[in-house]
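Counting starts at 1 for both ligands and their atoms, following the listed order. For the single chain, residues carry numbers from 1 onward in sequence order.
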Amino acid sequence: MDERRAVKVSKYLAKHLRHRPERIGLTLDEGGWVEIDALITAASAHGFRFTREELDHVVATNDKRRYAIEGSRIRASQGHTIDVDLGLPAATPPPYLYHGTVAGRLEAIRSEGLQPMNRHDVHLSPDRETATRVGARRGRPVVLTVDAAAMHRDGHVFHVSANGVWLTQSVPPRYLRFFETR
Ligand code: HQG
């Protein structure tokens with residue numbers, strides 16, 4: 001399977017497992033899971049064909065391990081805009097976490113802190129490199145350091161997704177350090 005095809009299948013999965021399952025007549029359960037057979041059938045019925053082998057390949061080789069398979073079912077490990085409960089246990093974060101964004105967002109972030117915007121949670125990375133890549137999706141990246149230890153001490157709840165993304169409801173500005181890359 002070539003890389004372009006894998007990216008195409010992965011983007012299709014993200015769209016329908018995180019954002020718009022109803023577009024192809026799918027219903028996810030409350031945990032975000034769907035039967036793989038039902039997904040393949042629904043996709044095919046809506047004009048996008050892929051095989052179970054291609055799906056397995058994408059899940060296994062995806063750069064960010066965005067999808068998880070359990071038994072006959074699949075879900076996105078994080079990043080949903082639709083209402084799902086991933087059922088992740090609360091976890092103790094490392095002392096610092098990182099958030100990649102761009103300069104144009106800083107004024108709002110300085111006043112309101114980090115907000116989940118369209119997603120369920122604010123997404124934080126365990127290292128600067130990952131956060132830099134996340135920020136670079138939108139322009140020249142700016143990496144903010146989050147004092148996760150202090151947040152945790154103050155009662156903020158953290159979860160870590162199956163693919164290592166740290167999730168929390170919001171990050172008030174007092175826990176943020178503004179630090180620019182490059
Ligand atoms: C910004 C991708 C104004 C925030 C990535 C970001 C990640 C604010 C944007 C995952 C704000 C939201 C998530 C505020 C936050 N005012 N802007 N108060 N608070 N923002 O895409 O973190 O490829 O929802 O800085 O790699 O960029 O999809 O979040 O720029 O892991 O698997 O609002 O998505 O992963 O954007 O990215 P997003 P994100 P996938």
Side-chain angles (χ1 to χ4, degrees), residues 3-21 23 28 31-34 39 50 55 57-69 74-86 88 91 93-94 96-148 150-151 156-182:
E3 180 61 17
R4 273 185 44 219
R5 170 79 180 157
V7 168
K8 196 169 170 198
V9 172
S10 179
K11 284 188 187 290
Y12 191 90
L13 294 177
K15 180 167 183 177
H16 298 99
L17 297 178
R18 290 172 168 179
H19 309 302
R20 298 195 57 202
R23 185 178 168 273
L28 311 184
W33 297 101
V34 68
L39 168 66
F50 57 91
L55 179 85
H57 177 84
V58 167
V59 171
T61 63
N62 188 255
D63 57 345
K64 287 170 69 182
R65 293 181 291 122
R66 291 180 176 86
Y67 312 102
I69 289 179
I74 185 169
R75 77 173 178 186
S77 291
Q78 35 69 223
H80 300 80
T81 52
I82 52 169
D83 189 25
V84 298
D85 178 0
L86 296 174
L88 301 171
Y96 296 103
L97 288 167
Y98 303 91
H99 180 84
T101 188
V102 285
R105 304 280 181 144
L106 290 182
E107 196 184 322
I109 293 172
R110 278 182 204 280
S111 67
E112 330 169 335
L114 293 172
Q115 296 297 330
M117 311 309 279
N118 291 328
R119 307 201 197 231
H120 281 191
D121 305 279
V122 172
H123 286 222
L124 302 172
S125 307
D127 56 84
R128 278 208 167 86
E129 294 65 39
T130 307
T132 302
R133 280 198 299 278
V134 172
R137 287 150 58 233
R138 297 175 191 282
R140 186 181 152 217
V142 176
V143 172
L144 309 182
T145 301
V146 175
D147 189 348
M151 284 184 70
H156 289 266
V157 177
F158 289 82
H159 302 277
V160 60
S161 71
N163 59 337
V165 177
W166 285 85
L167 307 168
T168 194
Q169 198 42 64
S170 66
V171 179
R174 66 178 172 284
Y175 300 111
L176 289 169
R177 289 180 204 163
F178 294 81
F179 167 87
E180 307 211 4
T181 59
R182 284 183 289 191

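Here is the list of ligand 1 atoms found below 4.0 Å of a heavy atom in Thr101: 4 (C), 25 (O), 30 (O). Near Ala108, meaning under 4.0 Å from one of its heavy atoms, ligand 1 places the atoms 3 (C), 16 (N). Close approach to Arg18 involves these atoms of ligand 1, each under 4.0 Å from a residue heavy atom: 28 (O), 32 (O), 40 (P). The distance from ligand 1 to the heavy atoms of Gly113 drops below 4.0 Å at these ligand atoms: 14 (C), 18 (N), 19 (N). Atoms of ligand 1 lying under 4.0 Å from any heavy atom of His99, numbered from 1 in the order shown and given with element: 4 (C), 22 (O), 25 (O).
In this model, no donor atom of one side chain and acceptor atom of the other lie less than 3.5 Å apart for Ser77 and Asn163.
The side-chain heavy atoms of Asp147 and Met151, taken from C-beta on, include no pair separated by under 4.5 Å. Residues Arg119 and Leu167 have side chains not in contact (no heavy-atom distance under 4.5 Å, counting atoms from C-beta outward). Counting heavy atoms from C-beta outward, Val58 and Arg5 have side chains that stay 4.5 Å or more apart.
Judged by the shortest distance from any of its heavy atoms, Val165 lies outside the 4.0 Å radius around the atoms of ligand 1. In this structure, Asn118 has no heavy atom closer than 4.0 Å to ligand 1. For Ala14, the closest heavy-atom approach to ligand 1 does not fall below 4.0 Å.
Of the candidates His80, Arg138, His123, Arg138 brings a heavy atom nearest to atom 38 (P) of ligand 1. Of the options Arg133, Lys64, Arg137, the smallest heavy-atom separation from atom 26 (O) of ligand 1 is shown by Lys64.
Of the protein's non-hydrogen atoms, the one nearest atom 18 (N) of ligand 1 is Glu112 OE1, 2.8 Å. If you check which protein heavy atom lies closest to atom 1 (C) of ligand 1, you get Arg105 NH1, 3.6 Å. Scanning the protein for heavy atoms near atom 34 (O) of ligand 1, the closest one is Arg119 NH2, 3.2 Å. The closest protein non-hydrogen atom to atom 19 (N) of ligand 1 is Gln115 N, 3.0 Å. Looking only at protein heavy atoms, the nearest one to atom 23 (O) of ligand 1 is Arg66 NH2, 2.9 Å. Of all protein heavy atoms, the one closest to atom 8 (C) of ligand 1 is Met117 SD, 3.7 Å.
To the nearest 0.5 Å, atom CG of residue Leu17 and atom OH of residue Tyr12 are 10.0 Å apart.
For the pair Tyr67 (side chain) and Ser10 (backbone), a donor-acceptor distance under 3.5 Å is present. Side-chain N or O atoms of Thr168 include one that pairs as donor or acceptor with a backbone N or O of Val157 at under 3.5 Å. A donor-acceptor contact shorter than 3.5 Å links the side chain of His120 to the backbone of Ile82. In terms of modelled atom types and a separation under 3.5 Å, the side chain of His99 and the main chain of His123 share a donor-acceptor contact.
Around the CG atom of Asp63, the shell of radius 6.0 Å holds more than 12 heavy atoms that belong to other residues, nucleotides or ligands.
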